[in-house]
Amino acid sequence: GQSLEQPSEVTAVEGAIVQINCTYQTSGFYGLSWYQQHDGGAPTFLSYNALDGLEETGRFSSFLSRSDSYGYLLLQELQMKDSASYFCAVRASLNSGNTPLVFGKGTRLSVIA
Amino acid sequence: DAGVIQSPRHEVTEMGQEVTLRCKPISGHDYLFWYRQTMMRGLELLIYFNNNVPIDDSGMPEDRFSAKMPNASFSTLKIQPSEPRDSAVYFCASSSRTGGSFYEQYFGPGTRLTVT
């Protein structure tokens with residue numbers, strides 16, 4: 001089986017930096033993805049890490065440490081529009097042998113003025 | 001491209017009725033996923049298809065749920081009979097192993113289902 005742990009809620013100030021952590025336990029690991037979902041909207045893809053290290057895309061960066069089964073999403077220069085839920089997801093092996101994405105429960109980020 | 005299209009966007013039905021949700025994936029994508037999202041359980045994978053063939057349906061909660069993909073541009077998720085605990089937002093997503101990344105899934109707007 002697999003499990004993912006991420007904080008349920010985070011609050012940060014506009015213009016600041018926030019880090020959302022994700023730890024995972026899986027039988028077979030292929031990579032870690034991050035998705036953003038605004039209230040009432042659909043999840044949208046942000047980033048993917050297959051190898052250790054930092055991937056940067058504009059204000060968002062994602063980090064992976066395979067040895068620690070840990071990753072994080074870093075959001076810089078926070079804007080009010082960044083208020084949303086953020087999900088980490090791993091592609092992991094099911095008992096069936098298939099390897100779909102499994103999503104964490106999500107972290108609700110509130111950006112305040 | 002129009003993105004993943006789902007219909008209806010909202011569905012309110014009475015317990016015991018049949019519900020059919022529809023999805024049109026992005027053209028050229030060879031994977032299609034059905035998810036259910038609730039506050040309690042988060043985003044759960046129900047079933048996924050590759051090249052119209054069901055690959056894993058271990059997430060389908062009960063025999064009341066069934067899904068089909070008769071061709072590359074259409075899939076349905078059917079609940080019969082529906083129960084109040086089926087109330088949730090149902091998302092369809094698609095991705096491509098060849099044209100993009102399996103890890104980058106494109107989600108439709110979802111169908112908000114309420115069973116009374």
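Residue numbers begin at 1 in each chain, while the letters A, B, ... track the order of the sequences.
- In this structure, the separation between OH on Y35(B) and CG on L46(B) is 9.5 Å, given to the nearest 0.5 Å.
- Contacts from residues 40-47 of chain A to chain B, taken as heavy-atom pairs separated by less than 4.5 Å, involve G41(A), A42(A), P43(A), F45(A) in sequence order.
- In the model, E104(B) has a side-chain atom that pairs as donor or acceptor with a side-chain atom of Y106(B) under 3.5 Å.
- Applying the disulfide (SG to SG under 2.5 Å) definition to pairs two or more places apart or across chains, none involves residues 34-81 of chain A.
- Neither the backbone nor the side chain of E44(B) comes within less than 4.5 Å of any heavy atom in chain A.
- Aromatic ring orientation, Y35(A) versus F107(B): perpendicular (interplanar angle above 60°, classes split at 30° and 60°).
- Ring geometry for F63(A) against Y72(A) counts as parallel: the plane angle stays under 30°, on a 0 to 90° scale with 60° as the upper cut.
- Taking the charged nitrogens against the carboxylate oxygens, E14(A) and K81(A) have no contact shorter than 4.0 Å, which rules out a salt bridge.
- The closest side-chain donor-acceptor pair between S62(A) and N49(A) falls under 3.5 angstrom.
- Ring-centre distance between Y24(A) and Y70(A): not below the 6.0 Å cut-off.
- Using non-hydrogen atoms only and a strict 4.5 Å limit, the part of residues 105-113 of chain A facing chain B consists of K105(A).
- Applying the disulfide (SG to SG under 2.5 Å) rule to pairs touching residues 42-84 of chain B yields nothing, sequence neighbours excluded.
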| message | One pair to check against side-chain hydrogen bond (donor to acceptor under 3.5 Å, both in side chains): Q37(B) and Q37(A). What are the steps and the verdict? | response | CA-CA 12 Å; Q37(B) 187 174 39; Q37(A) 184 179 28; 2.9 Å; yes

